[in-house]
2 protein chains.
Amino acid sequence: MGQRGRQKGSVGVKSKEAILTIAAEEFAEHGFHETKISTIVKKAGLTQPSFYLYFSSKEAIFQELIHTFHHKLIHLTKNSRIEPNLDKNILASKIARGLISIFKFFDDHRHLTKIGFFIADEAEEIKRGMVAHITENLLAEQQDKYFRQDLNMQIVAECIIGAIERLTITKLFTNESTPQQLANEIVDIYLYGLQNTES
Amino acid sequence: MGQRGRQKGSVGVKSKEAILTIAAEEFAEHGFHETKISTIVKKAGLTQPSFYLYFSSKEAIFQELIHTFHHKLIHLTKNSRIEPNLDKNILASKIARGLISIFKFFDDHRHLTKIGFFIADEAEEIKRGMVAHITENLLAEQQDKYFRQDLNMQIVAECIIGAIERLTITKLFTNESTPQQLANEIVDIYLYGLQNTES
DNA sequence: AAATTATATTACTCATGAGTATTATCTTAC
DNA sequence: GTAAGATAATACTCATGAGTAATATAATTT
């Protein structure tokens, strides 16, 4: 701690990772402008110039965090490919699985999620990507007659993303609900609607 | 323009209003930190110290804008009281009317909405208030058996707010949809769900 | 018409926080 | 054991932008 010079092993990598982790925390909690490099390095047990050994600027590390989030997210949606589907019950659980994986991902990367999904200027673009992806899936199911023909699936996708957003902040990050619970509630609401069908 | 001294009539009020209008624009477009007092006063045809004749600080004018938004919003929801309801068709159109008034309000106050609903730290609290209000209404309808008994209405309310949020940004503020269209789509989706009932 | 008040300006201060120049020290390779 | 490279510190610079002190001038009041 506070020692000058080269340490045993790959200390550089560790310092860089420490900075990244702490920066994610700080940006997530305080936003870009109210996060100070000086605070980050202090928490990492370093001094200001060391920061610039690993990142060229405050903007750069912020971008790196956003990129990490976006990259992981794209990887997630890439892997959730659409199996040709069977009957309605399976469709529901298939959709639930997709939602669970999203909520789990957000839960496992709370800081990155806050940054990339709520703080970054790029958040809108990232969400646009997710909306496009969800829209595609919904359109496929719609063409297979699983969904009503008269719905604008892009709007539905926006609503779902909105719901995910809101529930992530108010239920997931407050530990009030699990990914499973949230996914099931969303499926239930969107698939069957609010209307009471008995009576 | 650029004239010193007192002008004819109540110039002070006009200057203050000009500053408020321009500040709303700037904050909405660039956020708090990237908005500069110097830019605001320049656009208002004034110089920096004049700003401090009307507002005690940058924080203060920002808060004033948030408060204006919040106040107007509360006024809006106060006035949308729940008439004892009739049958299902009327229920749908009643909900639609409520949503229309929200979207119209957002549309009429785009800058304030961006600030109070998306930029301010207080945005979460403001949304919490709306969620509470919507939850109340939904619970009443649920007790009257218009809605399914097995739904958690707070979660439904969060989903609806999420949908409103998202559609406001992507459809309303881009002029792709009208308040009426958005309200109807939301009612349609949430009331009846995605599921294809014929087949 | 003199005093007062409102409104505005010019010309600053001052804190903050990002980023840098220079130097020191530890490890590893030869 | 010495040179080289990596990792760190001390001690700065420098731009920016919020906020202020002092002053000027037009309209209003007395």
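Letters go in sequence order (proteins before strands), and every chain restarts at 1.
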Nearest-Å distance, [atom1] ([X]) to [atom2] ([N])?
{"X": "L53(A)", "N": "dA9(D)", "atom1": "CG", "atom2": "P", "answer": "9 Å"}
{"X": "F62(A)", "N": "dG17(C)", "atom1": "CZ", "atom2": "C1'", "answer": "17 Å"}
{"X": "Q48(A)", "N": "dT22(C)", "atom1": "CD", "atom2": "P", "answer": "18 Å"}
{"X": "K58(A)", "N": "dG17(C)", "atom1": "NZ", "atom2": "P", "answer": "9 Å"}
{"X": "L46(B)", "N": "dT9(C)", "atom1": "CG", "atom2": "P", "answer": "5 Å"}
{"X": "F51(B)", "N": "dT7(C)", "atom1": "CZ", "atom2": "C1'", "answer": "16 Å"}
{"X": "K36(A)", "N": "dT16(C)", "atom1": "NZ", "atom2": "C1'", "answer": "9 Å"}
{"X": "H33(B)", "N": "dA18(D)", "atom1": "NE2", "atom2": "P", "answer": "11 Å"}

### Task
Select base, sugar-phosphate, or nothing to describe what T35(A) touches, counting heavy atoms under 4.0 Å on all strands.
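Since only primed, P, OP1 and OP2 atoms lie under 4.0 Å of T35(A), the category is sugar-phosphate.
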
### Query
Going by an N to O cut-off under 4.0 Å, is there a salt bridge joining E141(A) and R148(A)?
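Result for this pair is no, no salt bridge flagged.
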
Strictly below 4.0 Å: does [X] bring a side-chain N or O up to OP1 or OP2 of [N]?
{"X": "Y52(B)", "N": "dT7(C)", "value": "no"}
{"X": "S50(A)", "N": "dT7(D)", "value": "no"}
{"X": "S15(A)", "N": "dT7(D)", "value": "no"}

Show me the donor-acceptor pairs, under 3.5 Å and distance only, between side chains in residues 109-116 of chain B and residues at least two apart or in other chains.
from	atom 1	to	atom 2	distance (Å)
H109(B)	ND1	F105(B)	O	3.0
R110(B)	NE	D107(B)	OD1	3.0
R110(B)	NH1	F173(B)	O	3.2
R110(B)	NH1	N175(B)	OD1	3.4
R110(B)	NH2	D107(B)	OD1	2.9
R110(B)	NH2	L172(B)	O	3.2
R110(B)	NH2	N175(B)	OD1	2.6
T113(B)	OG1	H109(B)	O	2.7

### Query
Are the aromatic ring centres of Y190(B) and Y190(A) under 6.0 angstrom apart?
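Aromatic pair counts; centres sit under 6.0 Å.
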
### Task
Give the nucleotide from the list dT9(C), dA8(D), dA11(D) with an atom nearest to the side chain of P49(A).
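Shortest atom-to-atom distance from the side chain points to dA11(D).
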
#### Entry: I155(B) CD1 to S177(A) OG distance, which is reported to the nearest 0.5 Å
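Reported to 0.5 Å precision, the distance equals 4.5 Å.
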
